[in-house]
Chemist: 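Before I ask anything, let me first share the structure, which is written out below as structure tokens.
Heavy-atom basis, side chains included; hydrogens, waters and symmetry copies ignored. Just follow the structure's listing: the first ligand is 1, and inside any ligand the first atom is 1. For this chain, numbers begin at 1 and follow the sequence in order.
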Amino acid sequence: MLKSKIHISQNGELLAKSFTEHFVSLANDAISKRGRFLAVLSGGGTPLMAYRLLSKPPLLEVVPWGQVHLFWGDERHVPHEDPQSNFGQAREALLDHVNIPDENIHSIPTDPSPGEAALAYAQTLRSIAEANQSSVRFDLVMLGLGSDGHTASLFPGQSALWKDPIIVTEGSYQGRPATRLTMTPLVFNQARKIIFLVSGEAKADALANALGETRDVDRFPSQAIDPTNGKVLWMVDSAAAKMIP
Ligand code: 6PG
């Protein structure tokens, strides 16, 4: 029995708008309850429209950016200035336009070697956990879905590697940088809310598999996202939803 909820928008624009509404409401709720909003952003092209909406009025003014802390679920091991950097893309579409303090932006470092960067980011995650918790509970984790079924940088056939909170991995996908750092389900599954954002017909097959009855995390990595005490929402557009069982 599927624990996730699915929200279908008519097109990519409405999907982005709907995502931003969730972002604002989750941010305000977390800040009123715990004084801060801990959000994990995703890479890829799909979230960029939502980032741009958040970076402009009216949304720009309704998010209390001073209490928002941003993290990345995965990163390509390229300099942050590289156009393929997930952080770099978010900086251009969102961070450069909002009043978020620098110390609230927790990008995955890519200057050190991948192994050193993974250790450093694991330490960042430990340092942000609440005093009474052994590991961080994110208020929101945003994830994408590749047409090959990967999410973050959790690629098919690699589930045996997901043993530490942050790992280095290699993933070949659409010519994008292959050496990656990624959070694993050990971190994602502690989150309070996980939102997958999926747009376009090219994702229809992967989405149907992700939500289908055949459960196999090695073939369909997004199925490993199963929060212990949180909720999953799939926000998709009608083109991506075409083949949902
Ligand atoms: C990345 C990602 C990745 C992404 C999917 C979908 O760094 O590439 O975080 O998991 O979300 O590949 O990418 P698109 O949105 O570009 O289709």
Chemist: Short N/O distance, under 3.5 Å, between Arg176 and ligand 1?
Modeler: yes
Chemist: Determine whether more than 12 heavy atoms belonging to other residues, nucleotides or ligands lie under 6.0 Å from atom CG of Asn99.
Modeler: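 Atom CG in Asn99 is not crowded, with 12 or fewer foreign heavy atoms closer than 6.0 Å.
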Chemist: Near Gly144, which atoms of ligand 1 are under 4.0 Å from a heavy atom of that residue?
Modeler: 11 (O)
Chemist: Charged N to carboxylate O under 4.0 angstrom, Glu13 versus Lys17?
Modeler: no
Chemist: Determine whether the side chain, the backbone, both or neither of Arg76 has a heavy atom under 4.0 Å from any heavy atom of ligand 1.
Modeler: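 It is the side chain that gets close, since no backbone atom is under 4.0 Å.
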Chemist: Check this for me: does any side-chain nitrogen of one of Glu130 and Arg137 sit under 4.0 Å from a carboxylate oxygen of the other?
Modeler: no
Chemist: Around Asp96, counting heavy atoms of other residues, nucleotides and ligands shown, do more than 12 lie under 6.0 Å from its CG?
Modeler: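 Yes.
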Chemist: Can you tell which part of Gln174 has a heavy atom less than 4.0 Å from ligand 1: side chain, backbone, both or neither?
Modeler: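 Answer for Gln174: neither.
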Chemist: Tell me whether the rings of Trp72 and Phe87 are parallel (<30°), tilted (30 to 60°) or perpendicular (>60°).
Modeler: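 The rings of Trp72 and Phe87 stand perpendicular, inter-plane angle above 60°.
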Chemist: Is there a polar contact, in the sense of an N or O pair closer than 3.5 Å, between Ala152 and ligand 1?
Modeler: yes
Chemist: Enumerate the atoms of ligand 1 whose separation from the nearest heavy atom of Arg180 is less than 4.0 angstrom.
Modeler: 1 (C), 7 (O), 8 (O)
Chemist: Between Asp237 (side chain) and Ser199 (backbone), is there a donor-acceptor pair under 3.5 Å?
Modeler: no
Chemist: With a 4.0 Å cut-off on N to O distance, would you call Arg34 and Asp139 a salt bridge?
Modeler: yes
Chemist: What I want to know is whether Gly43 and ligand 1 share at least one N or O pair that is separated by under 3.5 angstrom.
Modeler: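 Between Gly43 and ligand 1 (N or O atoms, distance only) the closest approach is under 3.5 Å.
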Chemist: Which atoms of ligand 1 have any heavy atom of Gly44 under 4.0 Å away?
Modeler: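 Ligand 1 atoms under the 4.0 Å threshold to Gly44: 1 (C), 13 (O), 14 (P), 15 (O), 16 (O).
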Chemist: For Leu145, take its heavy atoms, then give the atoms of ligand 1 lying under 4.0 Å from any of them.
Modeler: 6 (C)
Chemist: When you look for heavy atoms under 4.0 Å from ligand 1, do you find them on the side chain of Asn86, its backbone, both, or neither?
Modeler: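 Asn86 to ligand 1: side-chain contact only, backbone stays beyond 4.0 Å.
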Chemist: Does any N or O atom in Thr46 lie less than 3.5 angstrom from one in ligand 1, N or O only?
Modeler: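 Yes, at least one N or O pair falls under 3.5 Å.
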Chemist: Below a 4.0 angstrom heavy-atom separation, can you tell me which part of Ser199, side chain or backbone, both or neither, approaches ligand 1?
Modeler: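 Ser199 to ligand 1: no contact under 4.0 Å from either part.
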Chemist: Quick check on Lys203 - does any of its heavy atoms sit under 4.0 Å from an atom of ligand 1?
Modeler: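 The answer is yes: ligand 1 sits under 4.0 Å from a heavy atom of Lys203.
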